[in-house]
A.B. asks: 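Have a look at this one.
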Amino acid sequence: MNVSEWLEELSKIEERFVSAVKENPDFDNIFESFLGKKGELTLLLRKLGEFSPDDKKLLGRKGNELKEKIVKFLEENKNKFGGFKKYSFDIDVTLPPKKLNLSCAHPLTVTLNRIIESFEKLGFSVEWGPLVEKDYYNFEALNFPPDHPARDMQDTFYTELKDEKDKNYLLRTHTSPVQIRSMLKYKPPMRIISPGKVFRSEAVDATHSFVFNQIEGFYVDKNVSMSDLKWTLESFIKDLFGQKADLKFSPSYFPFVEPGAQVEVSCVFCGGKDQNCRVCKGRGWLEMLGAGMIHPKVLENCGYDPNVFSGFAFGAGIERFTMLLFGIDDLRVLYENDLRILRQIY
Ligand code: PHE
C-alpha cells in the first residue's frame, strides 16, 4: 500500500462515517466499526508501520484528524438515542450495587454443623447410618423384643426390600441403630455421634412431623460411667447455649439403656425466671435429650462382655435445637422452605 492508496482509503472511511451518522446513528455500531479493535480506522492506522518516518508523520496526522472527528461526534452525541449501550461514559459509580441473591445453609444444617463442631472438640467422630433399616438393628438388637410394648413408643413405617431374604425392614424410627452398627464395625474405645433423618408414623403439627432429624451420641470403652455422660452433655449444652445453661437428669425408660434418663436444659429464653415464658411455659426446663448407660444386653448383642466394657448413649432431636437457637415456634417452618422466613434466619 502506498501513500495515495492509504489516503484514498482514509477518505473512503470518512465517507462511510458520514453516511453512517446520517443513516444509522447507532453509537455502539459507529464506535465498533471505526474505532473498535477491528474498526476500519484502527486497522488503517495500524498499517502506518509500513511507511517511512516522514510519510508516517503526514499520514498519522491525517488519520488522527478523522479519529478525533469521530470521537468528538461520539462525545457530543452521547446522550442522544439512549447513549451508548456498551461504551457508556455515563456510569454513576456512586450508585449502590445490585443486591446479590446469595444462598445460605438451611437452619437445620447450621444447627447440625454447630452440634458436630461441639462434639468434635470432645473427640467424637461422625458416623452415618442407612435410613431404610433392618428391624433387627432398629429394635431387636436394641433390646426391643418382637411384640414388646416398648415398640409402641415409636410408630413405625414397616417396609421390605424385594431381593433380600430378611423381609423385616422399616424406615428407622431413631438414630440408635447406628450404635449397633458401629459397635459391630469398630473396636472400643469409640466416641461417635450420628446425625440423620428418622421417620415415625405421626400427623404433622407445630411440634411433630413424620420425618425429622436426630443426633445420636455414644461412648464405649472400659470404665465409662454415668459421670462421663453428665460431663459430656454438660460441656456440649454449655458450648451451644452458653455457660448459664443448666442440666437436670431424671429417670426415664428406653429398653436399650439402664439406667435411663431424660435430660432437661434450663430454659434458654427466660432462664427459668418468667412464669409466662412462651417457650418453657413457666416450667423453667426444656426436655432436650434421652440418655443412659448402654444396656448390658445391647453390649452382649454386639459381642462385648458387659463386665469389661461399658458405655453411655444419648439421643436428641435436631429440630428442637434449631427452634431454640433461632427462636422458631413452629416446626413446619423448617420444612416449607418459605424464603421470606428462611431469609430472616441468616
Ligand atoms: N433413641 C431414643 C429416642 O429416639 C433416644 C435415646 C437415644 C435415648 C440414646 C437414650 C439413649 O427416643
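Please read these numbers as outputs of a predicted model, since none were measured by experiment. First listed ligand is number 1; within each ligand, the first listed atom is number 1.
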A.B. asks: Could you identify the single nearest non-hydrogen protein atom to atom 2 (C) of ligand 1 and state the distance to 0.1 Å?
C.D. replies: Phe256 CZ, 3.7 Å
A.B. asks: Heavy-atom distance under 4.5 Å between the side chains of Lys67 and Phe34, does that happen here?
C.D. replies: no
A.B. asks: For Gln214 and ligand 1, answer yes if some heavy atom of the residue is under 4.0 Å from a ligand atom, otherwise no.
C.D. replies: yes
A.B. asks: Any N or O on His174 sitting closer than 3.5 Å to an N or O of ligand 1?
C.D. replies: yes
A.B. asks: I'd like to know whether the aromatic ring centres of Phe210 and Phe157 sit less than 6.0 Å apart in this structure.
C.D. replies: no
A.B. asks: For ligand 1, which atoms sit closer than 4.0 Å to a heavy atom of Ala313?
C.D. replies: 9 (C), 11 (C)
A.B. asks: Do other residues, nucleotides or ligands put more than 12 heavy atoms under 6.0 Å from Asp54 CG?
C.D. replies: no
A.B. asks: With heavy atoms under 4.0 Å as the rule, classify the contact between Arg200 and ligand 1 as side chain, backbone, both or neither.
C.D. replies: side chain
A.B. asks: Given side chain to side chain contact (heavy atoms under 4.5 Å, CB included), test Glu216 with Ile193 step by step and report yes or no.
C.D. replies: CA-CA 5 Å; Glu216 192 82 7; Ile193 48 169; over 6 Å; no
A.B. asks: Just to be sure I read this right, does ligand 1 sit under 4.0 Å from the backbone of Gln154, its side chain, both, or neither, counting only heavy atoms?
C.D. replies: side chain
A.B. asks: Considering the heavy atoms of Gly290, write down every atom of ligand 1 situated less than 4.0 Å from one of them.
C.D. replies: 6 (C), 8 (C), 10 (C), 11 (C)
A.B. asks: Side chain, backbone, both or neither: which part of Ala316 has a heavy atom under 4.0 Å from ligand 1?
C.D. replies: neither
A.B. asks: Please give me the minimum heavy-atom distance between Pro188 and Phe309, naming the atom from each residue.
C.D. replies: CG-CE2, 3.4 Å
A.B. asks: With no hydrogens and no angle check, is any side-chain donor or acceptor of Ser209 less than 3.5 Å from a backbone partner on Val211?
C.D. replies: yes
A.B. asks: Looking only at protein heavy atoms, which one is nearest to atom 7 (C) of ligand 1, and what is the separation?
C.D. replies: Gly315 N, 3.4 Å
A.B. asks: Using a strict cut-off of 4.0 Å, indicate which atoms of ligand 1 neighbour a heavy atom of Ser176.
C.D. replies: 1 (N), 7 (C)
A.B. asks: Would Val204 and Leu331 show up in the same hydrophobic cluster when neighbours are defined by side-chain heavy atoms closer than 4.5 Å?
C.D. replies: no
